[in-house]
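Each chain gets a letter, A, B and so on, in the order its sequence line appears, and its residues count up from 1.
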Amino acid sequence: MLGTVESGEGRLPGPQIGAAHTEGIVLSAEGIVKRFGALTVLDNVAFALSRGEAVGVVGPNGAGKTTLLSVLMGALEPTAGSVHYLGQNVTRLPAAERCRVGIARTHQVPKSFSGMTVFENALVAAQHGGGHRASEAYDRVVETLRLTGMLRVANRRAETLGLLDRKRLELARAVATDPKVLLLDEIGGGLTDGEAGELVSTIKVLRERGIALVWIEHIVHVLVQVTERLVCLDSGKIVADGKPRDVMKHPDVVRAYLGSAVG
Amino acid sequence: MTDSGLVVARWTPTSVTFTVAGVGLLLALSFLPTVASPATLDRMTTLFIYVILAATWNALAGYGGLVSIGQQAFFGLGAYVTIRLSNAGVNVYTAVVVAPLIVALFSLPLSLPMLRLKTSEFAVGMWVVAELIHLLVNLDPLIQGETGISLIALNAYTVDQRNALTFWIALAAVAAVLAILFVLLRSATGAGLQAIRDNEEAANSVGVRVVTVKRIVFVFAAAGAAIAGSLWLATAISFQPKTYFSAQWTSYMIFMVLVGGLGTFEGAIIGAVIFYAIEAAFGSMGVWYMIGLGAVALLFSLFLPSGLYGIFGARTGVQLLPVGYWLRDTKSEPAVGQGKAAEA
Ligand SMILES: Nc1ncnc2c1ncn2[C@@H]1O[C@H](COP(=O)(O)OP(=O)(O)OP(=O)(O)O)[C@@H](O)[C@H]1O
Ligand SMILES: [Mg+2]
């Protein structure tokens, strides 16, 4: 395992959230390398997520955060390394199948189904990813839209939404698939304090349901309100992994952010 | 249906009216052979064939994102298999109906390699497939290369009988194609299909089995092009491979769908009607007609990419055929609406 902080906290078991860690690891990546041509974007990354755990991912632009998320989701195949989910090797399992067994993601640049309504966007997710049928799927969608604050625009075509609502829709759609693991990619950027507060309480509800989280976000002060562990990625390597306070003081993290005050 | 007074509606008054009118029109048309002239029936058959071609190419390209420029492969095969079945002693009109089903079965294994191709490779790949099938059909001694053959079994029927029978089969085929597409689009698979149309990567992310859904559409579109081909043979009688395996058929499909509205159920039908009218008016102008079609298609794709129905739908917000979902609040109408007020 890479990038342990020197605080002595170690990696696993990490900070205590109930009995989560005794139940073991839900999603893990070992020795992940991802190259695009000559460019090495992920360089031997190892990462493990425990059941019900919430991990924040930080790192400068171009560090490879989104790429790591895509490898975990199955949208990208790693050049080397493997991904395990609930003890099974899922390295070759396509994204749609991973979604059906309980992994869901949001996209950094929202990818809404623009010609469909908000309701229909979430319905596709509930029907296909969640395996819900008929009115059971409707109930699931209504509940999810309410939780994510999207019920008020349920009948709007997604192409008419502003950026913030498109990001909320990303979250709603992912939640509608009934995930065990939720991979979030910068859904909190550009929020006012009030909006960020709403997002934090939404995420807390999801955590209470036992959903494990990986959340990429630049705004660390929002991130630390729901995560008990922080991972810092820089140039394709995990340079720190541990308690948020320790990670943010870590010399490599400080250097990665060029001394800029994060968090 | 859902908690707190929220219900999911799928039909609107407009869409009920329109769908009832559409079904009524199809039923009324079935009586046309008792009153209309043979020439009228023949023209209507042509129109139905165009609607089938447009609707199925639209399903393939507009919804599945599978831009094929080789659908003439299935059009030609539909006609060819009809000839073969008839030659083997099958009743000629039974052959017209059964041939497309055989072509659909053939398209299933073909979809395995084709759907592995990327978008542009798929388009060209389909054209290559069409050329290949054309060459293979030419090798059949029965067809005698480009000399071709006629569907002589039709001689057993009078001209009036032929016109009426072909018309009824074409009417049944267009009704079946539209009904299947309608049911498909309203199903969970159809929601997945529309998701693929809008964003394939995101469709994958929410669990849509993209290749499986595309395969359904591929086979459906192959069957549609094939029945169009077998019906064309039933009206034209003679089968010359180069006429049937001509890329011109696919260019017609593209024209109809681009003008009517790519990726909308209604748009393809409108495009077919417009194409039919244009052909009736200018079809005798030969090369200039083809150049004109190309120019119009180009202008549409450049300046009106959503087609005529797309513009109509965006302006009015009206949905003629109810393939979508509408969340209604039965307690405090209209609490869940377009959301403009709530956003302020
Ligand atoms: N499909 C691709 N082909 C080539 N290069 C890519 C591809 N996807 C990502 N990259 C490159 O990989 C590097 C890491 O990208 P990635 O999106 O994972 O970074 P990130 O940490 O998410 O950055 P940001 O904070 O800006 O979102 C970047 O240099 C990017 O240009
Ligand atoms: Mg990113």
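- Tested against Phe275(B), the residues Trp57(B), Phe300(B), Tyr50(B) include a single ring pair (Phe, Tyr, Trp, His ring centres under 6.0 Å) partner, Tyr50(B).
- Salt-bridge check for Asp185(A) with Lys167(A): failed, with every basic side-chain N at 4.0 Å or more from each acidic carboxylate O.
- With hydrogens and angles ignored, the 3.5 Å screen pairs a side-chain donor or acceptor of Lys65(A) with a backbone N or O of Gly59(A).
- Neither the backbone nor the side chain of Arg140(A) comes within contact range of chain B, judged by heavy atoms closer than 4.5 Å.
- Under the 4.5 Å side-chain criterion, counting only non-hydrogen atoms from C-beta, Ser205(B) is not in contact with Lys111(A).
- Here the closest heavy-atom approach between residue Leu199(A) and residue Ile187(A) is recorded as CD1-CD1, 3.8 Å.
- Using a 4.5 Å cut-off between heavy atoms, Thr106(A) does not touch chain B at all.
- Ranking Arg133(A), Glu159(A), Arg173(A), Glu136(A) against chain B, the residue ahead of the rest is Arg173(A), based on heavy-atom pairs under 4.5 Å.
- The candidate from Arg100(A), Arg98(A), Arg105(A) with the greatest count of non-hydrogen atom pairs under 4.5 Å with chain B is Arg100(A).
- When heavy atoms are compared at a cutoff of 4.5 Å, Met73(A) approaches chain B solely by way of its side chain, counted from C-beta outward.
- Residue-level contacts of residues 185-199 of chain B with chain A, in order of numbering, are Ala188(B), Thr189(B), Ala191(B), Gly192(B), Gln194(B), Ala195(B), Arg197(B), Asp198(B), Asn199(B); threshold 4.5 Å between heavy atoms.
- Residue contact with chain B, scored on non-hydrogen atoms closer than 4.5 Å, involves the side chain of Thr177(A) exclusively.
- No donor-acceptor pair under 3.5 Å is formed between the side chain of Gln88(A) and the backbone N or O of Tyr85(A).
- Glu97(A) has a carboxylate O that lies under 4.0 Å from a charged side-chain N of Arg209(B), or vice versa, which qualifies the two as a salt bridge.
- Your options are His128(A), Met116(A), Gln127(A), and the one with the most heavy-atom pairs under 4.5 Å with chain B is His128(A).
- Between the side chain of Thr202(A) and the backbone N or O of Glu198(A) there is at least one donor-acceptor pair closer than 3.5 Å.
- When all heavy atoms of Phe265(B) and Asn58(B) are compared, the pair lying nearest together is N-ND2, 4.3 Å.
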